[in-house]
Visitor: 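Okay, here's the structure, questions in a sec.
Labels below follow one simple rule: chain letters A, B, ... track the order of the sequence lines, proteins then strands, and each chain is numbered from 1.
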Amino acid sequence: MALQFYNSLSRSLEEFKPIQEGNVSFYACGPTVYNYAHIGNLRAYVFEDVLRRTLEYLGYSVQHIMNITDVGHLTGDNDDGEDKMLKTSRESGKTVWDIAEYYTEAFFRDTDRLNIVRPSVSCAATQHIDEMIALIKRIEENGYTYMAGGNVYFDTDKFKDYGKLALLERQEQKAGARVDVDKNKRHPRDFVLWFTQSKFENHIMLWDSPWGKGYPGWHIECSAMSMKYLGDQFDIHCGGIDHIPVHHTNEIAQSEAATGKKWVNYWLHNEFLLMDSGKMSKSKGGFLTLQSLIDQGYHPLDYRYFLLGAHYRTQLHFSFDNLKGARSARLSLEEKIRELLKSGEAPVPAGNRSEKARSYAETFRGDLEADLNTPRALAVIWTILKDGDLTPGEILGLLYEFDSVLGLKLKDIEPAKEYQPSEEEKAMLEERIQARKDKNWGRADEIRDYFQEKGLILKDTPQGTVILPASV
RNA sequence: GGCGCCGUACCCAAGUGGUAAGGGAGAGGUCUGCAAAACCUUUAUGCACCGGUUCGAAUCCGGUCGGCGCCUCCA
């Protein structure tokens with residue numbers, strides 16, 4: 001089996017071949033830090049994390065770059081064209097810089113809690129204005145730009161394959177159907193590389209440039225930063241499926257206009273998380289943050305497990321019932337691992353596996369190689385847990401290895417600690433045994449309730465009463 | 001209106017022309033005074049519907065119905 005990805009560029013599965021053998025250069029579109037990430041946003045980062053972990057599991061060395069968009073861009077929230085960062089600034093009374101810092105920290109707090117490995121480089125747009133200006137100059141020198149109304153526009157008519165990724169040539173778009181047409185544009189699909197004429201007042205983030213004091217267009221940052229860290233050509237570019245028609249289409253156009261070469265070989269896009277009402281977004285309500293799930297008693301990894309249960313390219317239906325199901329499954333998995341740890345067997349290393357254990361490892365690997373089929377990969381776990389031919393040590397060895405991709409922190413699970421009752425509690429347990437003999441169920445249950453309030457479960461077995469920690 | 005995707009059990013969700021993964025929930029059982037926990041068993045002759053191709057279709061083709069997304073900032 002060879003590693004295969006669904007490449008949005010060709011709309012088909014392709015065998016993955018990196019430009020440089022053994023190394024993968026990978027860029028992922030990061031967050032705009034003007035608000036908290038919602039759990040739909042976070043799906044993208046879990047997907048990218050699984051991608052990165054899979055590549056590393058398969059032996060590649062991965063250079064993973066992610067941008068932080070801390071420059072404000074036009075918002076469509078109310079079709080008022082206001083800058084997102086400025087809007088939050090006005091509403092909160094904080095500076096745009098403070099807001100960017102605050103939400104950047106919040107973002108990484110969330111991804112850490114989801115056990116997402118941090119990118120090799122996280123680069124802030126505001127730290128790379130020089131690179132953006134340099135890139136715009138290259139595009140300008142190659143004749144792909146025009147000035148209008150003080151802004152630098154990309155002339156999409158000059159770029160022959162414009163819209164290839166999005167199959168735009170097949171579409172008849174309703175330009176201006178939902179947003180006012182920019183009168184400066186020669187073609188509605190043209191986009192701004194550099195603004196000097198702000199549509200709104202009091203723009204705080206301004207930089208000097210050959211075209212005047214202003215700020216960059218949205219798309220240029222991803223091209224400039226990815227090329228700075230990964231070179232003019234690299235292997236993989238990821239992002240949400242919504243980016244295909246505009247953002248990624250424009251990134252390709254401006255990057256290839258600058259270099260004259262093919263820019264990215266593999267485009268991987270994740271589908272959306274859906275609520276009952278449709279996709280999750282601020283305007284439609286149902287804005288759930290990771291913290292709000294935690295506040296309702298869920299563990300961040302419950303959400304990660306939930307996401308792993310579906311393929312990244314399918315729309316996934318979120319509901320608390322479904323999240324609850326993921327939590328039950330994950331806790332049950334933890335419980336089974338605690339059972340295995342009781343055996344005292346050490347995890348069997350990959351080199352010492354039985355024939356059967358080896359075949360499971362290959363199945364797991366094959367599932368990931370098939371365009372990151374995490375639902376199948378998860379199913380392998382449940383299958384080996386039920387396979388009586390494997391020793392506890394072999395199962396642990398397999399699970400720990402698989403978890404380097406799944407990221408469920410299975411290695412952190414420790415054997416259940418025996419609860420040590422105090423003298424007083426020992427006396428209560430004795431009393432309960434007597435009460436049960438006397439069929440004094442009221443007193444017996446009272447004592448059981450006492451332990452239950454301490455998060456402990458009394459389990460009556462023929463050998464006597466066992467004290468167990470209650471899960472959840 | 002144009003473009004793209006999807007429809008598999010009560011729910012979520014895999015599925016590569018050849019016996020329909022997995023999880024959750026439910027039901028039954030072992031155990032128990034009743035519980036809880038654990039374990040075992042069980043749950044689609046069926047894949048939206050109608051045709052077609054094929055020895056064989058959830059899978060390929062055509063049509064119908066239904067859902068979602070994009071065309072606008074978005075993961």
Visitor: Stacking between A:Trp382 and B:rG23, defined as ring centres under 5.5 angstrom apart with planes under 30°, is that present or not?
Guide: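 Stacking between A:Trp382 and B:rG23: absent.
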Visitor: Could you check how far CG of A:Leu13 sits from P of B:rG15, rounded to whole Å?
Guide: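 That distance rounds to 10 Å.
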Visitor: Look through every strand shown and name the nucleotide pairing with B:rC49 as Watson-Crick or G-U wobble, where both distances are under 3.5 Å.
Guide: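 Partner of B:rC49: B:rG63.
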Visitor: Step by step, would you call A:Tyr312 with A:Val50 a side chain to side chain contact (heavy atoms under 4.5 Å, CB included)?
Guide: CA-CA 10 Å; A:Tyr312 75 90; A:Val50 170; over 6 Å; no
Visitor: What's the CH2-P distance between A:Trp441 and B:rU32, to the nearest Å?
Guide: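 From A:Trp441 CH2 to B:rU32 P: 12 Å.
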Visitor: Tell me what A:His243 touches on the nucleic acid: a base, only sugar-phosphate, or nothing, going by heavy atoms under 4.0 Å.
Guide: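 Sugar-phosphate: the residue A:His243, judged by heavy atoms under 4.0 Å, touches backbone atoms but no base.
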Visitor: Determine the interatomic distance between P on B:rU59 and the same-named atom on B:rC6; round to the nearest Å.
Guide: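 To the nearest whole Å, 13 Å.
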Visitor: Could one point to a donor on the side chain of A:Asp445 or the base of B:rG33 with an acceptor on the other under 3.5 Å away?
Guide: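 Indeed, a donor on one side and an acceptor on the other fall under 3.5 Å apart.
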Visitor: Nearest whole angstrom, please: distance from the C1' of B:rA75 to the CG of A:Asn270.
Guide: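 In whole Å, B:rA75 C1' lies 5 Å from A:Asn270 CG.
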Visitor: Is the A:Tyr36-A:Tyr103 ring centre distance short of 6.0 angstrom?
Guide: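 For A:Tyr36 and A:Tyr103, the ring centres are under 6.0 Å apart.
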Visitor: Less than 4.0 angstrom from a charged side-chain N to a carboxylate O is my criterion; do A:Glu339 and A:Lys342 meet it?
Guide: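 Salt bridge flag = yes for A:Lys342 with A:Glu339.
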Visitor: Given B:rG24, B:rG15, B:rG69, identify the nucleotide with an atom nearest to the side chain of A:Asn373.
Guide: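 For the A:Asn373 side chain, the nearest candidate turns out to be B:rG15.
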Visitor: Under 4.0 Å, heavy atoms only, any strand: does A:Val246 hit a base, just the sugar-phosphate, or nothing?
Guide: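 Touches sugar-phosphate only.
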Visitor: Considering only the C1' atoms, how many Å lie between B:rG18 and B:rC60, rounded to the nearest integer?
Guide: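 Result for the C1' pair: 15 Å, nearest Å.
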Visitor: With heavy atoms under 4.0 Å as the rule, sort A:Ile381 into base, sugar-phosphate or nothing.
Guide: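 Touches nothing.
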Visitor: Let me know the distance between CG of A:Asp242 and C1' of B:rC68, rounded to the nearest Å.
Guide: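 The distance from CG of A:Asp242 to C1' of B:rC68 comes to 14 Å, rounded to the nearest Å.
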Visitor: Give A:Arg432 one of three labels, base, sugar-phosphate or nothing, depending on what nucleic acid heavy atoms sit under 4.0 Å from its own.
Guide: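 Here A:Arg432 touches the bases of the nucleic acid.
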Visitor: Just compare B:rA75, B:rG33, B:rG24 and give me whichever is closest to any side-chain atom of A:Tyr45.
Guide: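 Output: B:rA75.
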Visitor: Taking the basic N atoms (NZ, or NE/NH1/NH2) and the acidic carboxylate oxygens, is any pair closer than 4.0 Å for A:Asp387 and A:Lys356?
Guide: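 Here A:Asp387 pairs with A:Lys356 in a salt bridge, since their nearest N and O are under 4.0 Å apart.
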Visitor: Compare the minimum distances between each of B:rG23, B:rC68, B:rA25 and the side chain of A:Tyr305, then state the nucleotide with the smallest one.
Guide: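 Ranking B:rG23, B:rC68, B:rA25 by closest atom to the A:Tyr305 side chain puts B:rG23 first.
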Visitor: What is the distance, to the nearest angstrom, from the CG atom on A:Leu307 to the P atom on B:rA13?
Guide: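 Interatomic distance, CG of A:Leu307 to P of B:rA13: 12 Å.
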Visitor: B:rG15 and B:rA20: how far apart are their C1' atoms, nearest whole angstrom?
Guide: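 After rounding to an integer number of Å, I get 8 Å for this pair.
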Visitor: For a quick check of understanding: with a heavy-atom distance under 4.0 Å over all strands, which category does A:Gly40 fall into, base, sugar-phosphate or nothing?
Guide: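 The residue A:Gly40 makes base contact.
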Visitor: Could you give the CD-to-C1' distance, from A:Gln315 to B:rC12, as a whole number of Å?
Guide: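 Distance, rounded to whole Å: 14 Å.
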Visitor: Ignoring backbone atoms, establish whether A:His317 has a side-chain N or O less than 4.0 Å from OP1 or OP2 of B:rA13.
Guide: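 A:His317 to B:rA13 OP1/OP2: side-chain N or O found under 4.0 Å.
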Visitor: Under 4.0 Å between a side-chain N or O of A:Thr314 and OP1 or OP2 of B:rC6?
Guide: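 So the side chain of A:Thr314 is outside the cut-off, no N or O lying under 4.0 Å from OP1 or OP2 of B:rC6.
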Visitor: Ignoring hydrogens and angles, answer whether the base of B:rA36 and the side-chain atoms of A:Arg448 contain a donor-acceptor pair closer than 3.5 Å.
Guide: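 Per atom types, no contact qualifies.
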Visitor: B:rA9 and B:rC50: how far apart are their P atoms, nearest whole angstrom?
Guide: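 Pairwise P distance, B:rA9 against B:rC50, rounds to 16 Å.
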Visitor: For B:rG23, does OP1 or OP2 lie under 4.0 Å from any side-chain N or O of A:Lys386?
Guide: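 Result: yes.
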Visitor: Which one is paired to B:rC55, where only Watson-Crick or G-U wobble pairs with both distances under 3.5 angstrom count?
Guide: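 Across all strands, the one nucleotide that pairs with B:rC55 is B:rG18.
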Visitor: Using a heavy-atom cut-off of 4.0 Å across all strands, would you classify A:Ser319 as base, sugar-phosphate, or nothing?
Guide: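 The answer is nothing, as A:Ser319 stays clear of every strand by at least 4.0 Å.
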Visitor: For nucleotides B:rG69 and B:rG52, find the distance between their C1' atoms and express it as a whole number of Å.
Guide: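 After rounding to an integer number of Å, I get 31 Å for this pair.
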Visitor: Using the P atom as the point on both nucleotides, what is the distance between B:rU43 and B:rG23, in whole Å?
Guide: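 Their P atoms lie roughly 14 Å apart.
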Visitor: Using the side-chain heavy atoms of A:Phe306, tell me which of these nucleotides is nearest: B:rG22, B:rC12, B:rA13.
Guide: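 For the A:Phe306 side chain, the nearest candidate turns out to be B:rC12.
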Visitor: Below the 4.0 Å mark, does B:rC39 have OP1 or OP2 next to a side-chain nitrogen or oxygen of A:Lys336?
Guide: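 Indeed, a polar side-chain atom of A:Lys336 lies that close.
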Visitor: Side-chain donor-acceptor pair under 3.5 Å between A:His128 and A:Tyr229, yes or no?
Guide: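 A:His128 vs A:Tyr229: donor-acceptor pair found between side chains.
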Visitor: Which pair of non-hydrogen atoms, one from A:Glu431 and one from A:Arg443, has the smallest distance, and what is that distance?
Guide: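 That would be OE2-NE, 2.7 Å.
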Visitor: For A:Glu339 and for A:Tyr312, find the nucleotide of RNA chain B with the closest heavy atom, then tell me which residue's nucleotide is more 5'.
Guide: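 This one resolves to A:Tyr312.
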Visitor: Classify the nucleic acid contact of A:Ile244 as base, sugar-phosphate or nothing, counting any heavy atom under 4.0 Å across all strands shown.
Guide: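 No contact.
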Visitor: Taking donor-acceptor contacts at under 3.5 Å, does the side chain of A:Arg436 reach the base of B:rC34?
Guide: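 Flag unset: no donor-acceptor pair detected.
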Visitor: Rounding to an integer number of Å, can you tell me how far A:Glu334 CD sits from B:rA37 P?
Guide: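 Atom-to-atom, A:Glu334 to B:rA37, this comes out as 16 Å.
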Visitor: Strictly below 4.0 Å, N to O, side chains only: are A:Arg113 and A:Asp110 in salt-bridge contact?
Guide: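 Salt bridge present between A:Arg113 and A:Asp110.
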Visitor: Taking OP1 and OP2 of B:rA75, is either one under 4.0 Å from a side-chain nitrogen or oxygen of A:Asn41?
Guide: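 Yes, A:Asn41 has a side-chain N/O under 4.0 Å of OP1/OP2 on B:rA75.
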Visitor: Measure CZ/A:Arg313 against P/B:rG4 and give the value in whole Å, please.
Guide: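 A:Arg313 atom CZ is separated from B:rG4 atom P by 16 Å.
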Visitor: Provide the distance between the two C1' atoms, one in B:rG7 and one in B:rA44, to the nearest whole Å.
Guide: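 About 15 Å, rounded to a whole number of Å.
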Visitor: Take atom P in B:rA58 and the same atom in B:rA21, then report the distance between them in whole Å.
Guide: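 The answer is 13 Å between these two P atoms.
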Visitor: Identify, between A:Ala310 and A:Asp321, the residue whose nearest nucleotide on RNA chain B lies closer to the 5' end.
Guide: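 In this pair, the answer is A:Ala310.
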Visitor: Picking from B:rG24, B:rA38, B:rA14, which would you name as closest to the side chain of A:Glu335?
Guide: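 Minimum distance to the A:Glu335 side chain belongs to B:rA38.
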Visitor: Between A:Glu251 and A:His243, do the side chains contain a donor N or O and an acceptor N or O under 3.5 Å apart?
Guide: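 On atom types as modelled, these side chains do not qualify, holding no pair under 3.5 Å.
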Visitor: Assess the pair A:Tyr215 and A:Trp194: is the distance between their ring centroids shorter than 6.0 Å?
Guide: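 Ring centres of A:Trp194 and A:Tyr215 not closer than 6.0 Å.
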Visitor: Checking base pairs now: Watson-Crick or wobble, both atom distances under 3.5 Å. What partners B:rC10?
Guide: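 WC or wobble partner is B:rG24.
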Visitor: Under 3.5 Å for both donor-acceptor distances, Watson-Crick or wobble: does B:rG69 have a partner, and if so which one?
Guide: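 Paired with B:rC3.
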